[in-house]
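In this text, all values refer to a predicted model and were calculated from it rather than measured experimentally. One-based numbering along the sequence shown.
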Amino acid sequence: MSKGKENLKLKVKKEWCKGCSICVEFCPKKVLAIKGDKVEITDIEKCIKCGLCELRCPDFAIYLGGMDDEEK
């Protein structure tokens, strides 16, 4: 993991998610799944914080944020 990413946490803004599943397909550790037409974090312990989900999300619905960021 890159320096500085240890304090980041994967977050989802479900109201922004359109359920395209691009983030799910790019996740190398299969941390994400589509459930009820929205992305869901299924196994946060497997997340390596690579940022591919955030990079590929066309709707900015998933991101690596600080521990104190408000989850929406």
Side-chain angles (χ1 to χ4, degrees):
M1 180 179 348
S2 297
K3 189 170 183 146
K5 286 191 176 184
E6 59 272 355
N7 292 326
L8 297 179
K9 181 180 173 188
L10 190 61
K11 307 211 177 180
V12 175
K13 291 187 176 188
K14 289 198 176 206
E15 65 272 15
W16 292 11
C17 179
K18 293 180 185 164
C20 69
S21 79
I22 292 172
C23 59
V24 175
E25 298 300 320
F26 274 94
C27 181
K29 296 296 183 177
K30 307 300 178 206
V31 173
L32 307 169
I34 297 293
K35 296 199 177 168
D37 296 327
K38 301 285 182 181
V39 68
E40 185 174 292
I41 301 167
T42 58
D43 193 349
I44 193 65
E45 298 301 316
K46 288 184 182 177
C47 181
I48 59 172
K49 302 175 185 178
C50 65
L52 287 175
C53 56
E54 179 179 19
L55 180 67
R56 300 295 180 176
C57 179
D59 301 308
F60 308 102
I62 192 164
Y63 65 100
L64 287 169
M67 296 298 224
D68 295 332
D69 287 354
E70 182 181 335
E71 284 190 46
K72 293 191 177 193

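To the nearest 0.5 Å, atoms CD1 (Ile62) and NZ (Lys11) are separated by 12.0 Å. Rounding to the nearest 0.5 Å places SG of Cys50 at 9.0 Å from CG of Leu55. Going from atom NZ of Lys46 over to atom CD1 of Ile41 covers 14.0 Å, rounded to the nearest 0.5 Å.
Among pairs with a residue in residues 50-60, those fulfilling salt bridge (charged side-chain N to carboxylate O under 4.0 Å, His left out) read Lys18-Asp59, at least two apart in sequence or across chains.
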Without placing hydrogens or testing angles, list every side-chain donor-acceptor pair under 3.5 Å for residues 19-40, not counting sequence neighbours.
{"unit_1": "Lys38", "atom_1": "NZ", "unit_2": "Lys14", "atom_2": "O", "d": "3.2"}
{"unit_1": "Lys38", "atom_1": "NZ", "unit_2": "Cys17", "atom_2": "O", "d": "2.6"}

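The shortest non-hydrogen separation linking Trp16 to Phe60 is CE3-O, 3.2 Å.
Clustering ILVMFWY residues whenever any of their side-chain heavy atoms sit less than 4.5 angstrom apart, transitively, puts Leu8 in the very cluster that holds Ile44.
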